[in-house]
Enquirer: 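Attaching a single structure in structure tokens format; questions to follow.
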Amino acid sequence: MTPRPQSSGKSQLACFGEILLRLSAPRRQMLSTAQALDIHHGGAEANVAVALARLGHRTRLVSALPDGPLGDGAITFFRGHGVDIAAIGRAPGRMGLYFLSQGASLRPSDIVYDRADSLFALMPPESWDWPALFNGCGWLHLSGITPALGPGPAQAALAAARAAKSAGMRISFDGNYRARLWESWDSDPRAVLQELVSHADLFFGNYRDIALLLDRPFSGEGPTRRREAAEAAFAAFPNLQRIASTARHVEHVDCHRIAARIDTWDGATQTEEVRVPGIVDRIGGGDAFAAGLLHGLLAGRDDEQAVHSGLALTCLKHSLPGDAATFGQQDIDAFLAGGLDVRR
Ligand SMILES: O=C(O)C(=O)C[C@H](O)[C@H](O)COP(=O)(O)O
């Protein structure tokens with residue numbers, strides 16, 4: 001039996017962010033012609049909460065869902081995956097939606113957001129009672145999507161990070177830059193993202209995210225450019241201990257090559273590149289990487305093992321429809337051991 005890992009220190013990991021309903025055109029149809037839509041639950045932070053819960057960690061989703069059947073359905077979904085839903089507030093309002101047309105052949109995937117004025121986006125920032133919501137939690141996971149939703153969520157994300165910091169919690173922050181969201185309101189992404197990264201111990205982002213944060217380009221090639229960007233980020237954000245990233249080469253809509261990496265102050269751990277053919281659904285791949293890597297760190301493994309568990313979980317996620325990576329340790333172990341014939 002594989003022992004279930006326990007998150008270290010104060011037991012729970014809190015994920016703060018919007019829960020979304022994903023409506024996808026089935027069988028790779030386009031949204032403009034689909035006659036039915038498939039339903040999945042998602043949201044960047046929620047995906048991390050589910051993946052970690054499936055891996056045996058205690059995760060708490062801090063969010064808000066509308067009263068009524070859509071909110072009830074989401075609660076059932078997250079509870080069913082073992083996520084603590086006690087810190088999800090309920091109130092009248094609308095649920096954030098996004099629509100997906102899954103790419104095929106030479107047509108890339110496309111996302112249409114319909115989440116303006118959702119209950120979560122309109123929550124007054126002062127309505128979140130951080131000490132109560134984070135009670136018993138030792139880690140907070142946030143992403144750059146929450147502050148992109150509007151001035152209220154931006155203030156809430158900052159307040160969450162400050163409260164977690166002053167409670168002695170560790171913080172992971174996934175850059176998740178979404179240009180379409182930031183462009184929908186009069187925002188200054190750099191200032192907000194800089195403060196959030198300044199509170200983080202672990203930052204998920206690549207050299208492009210760091211270039212955006214620091215407002216400067218990195219001109220080298222491959223690993224040299226990644227290291228240069230990481231060193232610039234460590235210099236600008238002294239609280240950061242690790243920067244984790246993936247490098248993705250899109251061979252074809254259905255076939256990507258993915259490598260993963262952790263940079264620390266004194267060096268980097270880089271994985272081999274894995275070819276991922278026959279992709280079923282790549283949405284949530286970044287969240288799966290974050291969850292897999294957090295899983296390794298929370299279980300007390302070293303960076304080499306943690307980055308490989310992140311790589312394994314992101315690659316596995318591409319085989320599964322929906323946002324969440326609902327795999328167990330045995331799936332990660334089997335992936336890392338290789339071998340793709342039927343297991344029986
Ligand atoms: O865009 C948003 O606001 C969402 O939260 C929708 C998606 O669930 C995640 O963004 C997945 O992101 P990746 O893991 O990078 O594919």
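Since the structure is predicted, the reported quantities are computational estimates derived from the model, not experimental observations. Whatever order the structure lists ligands and atoms in, that order sets their numbers, starting from 1.
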Enquirer: Can you give the donor-acceptor pairs under 3.5 Å from side chains of residues 158-166 to other protein atoms, not counting sequence neighbours?
Expert:
from : atom 1 : to   : atom 2 : distance (Å)
R162 : NE     : E195 : OE2    : 2.7
R162 : NH2    : E195 : OE1    : 2.9
R162 : NH2    : E195 : OE2    : 3.2
K165 : NZ     : H199 : O      : 3.2
S166 : OG     : R162 : O      : 3.3
S166 : OG     : A163 : O      : 3.2

Enquirer: Would you please say whether a donor-acceptor pair under 3.5 Å links the side chains of H141 and S172?
Expert: yes
Enquirer: How would you list, by chain and number, the residues with a heavy atom under 4.0 angstrom from ligand 1?
Expert: L20, G43, A44, N47, Y98, Y113, R115, I145, N176, R178, R282, I283, G284, G285, G286, D287, D323
Enquirer: Would you name the heavy atoms of A157 and L196 that are closest together and state the gap between them?
Expert: O-CD2, 3.6 Å
Enquirer: Please name all residues satisfying ring pair (Phe, Tyr, Trp, His ring centres under 6.0 Å) with F77, sequence neighbours left out, ordered by chain then number.
Expert: H41, H81
Enquirer: Go through Q29 and S101 one step at a time and tell me if the side chain to side chain donor-acceptor pair (under 3.5 Å) criterion holds.
Expert: CA-CA 7 Å; Q29 296 172 64; S101 74; over 6 Å; no
Enquirer: In a table with atom names and distances, give each donor-acceptor pair under 3.5 Å that connects a side chain of residues 208-223 to protein atoms at least two apart or in another chain.
Expert:
from : atom 1 : to   : atom 2 : distance (Å)
D209 : OD2    : N206 : N      : 2.8
D215 : OD1    : R190 : NH2    : 3.4
R216 : NH2    : E228 : OE2    : 3.1

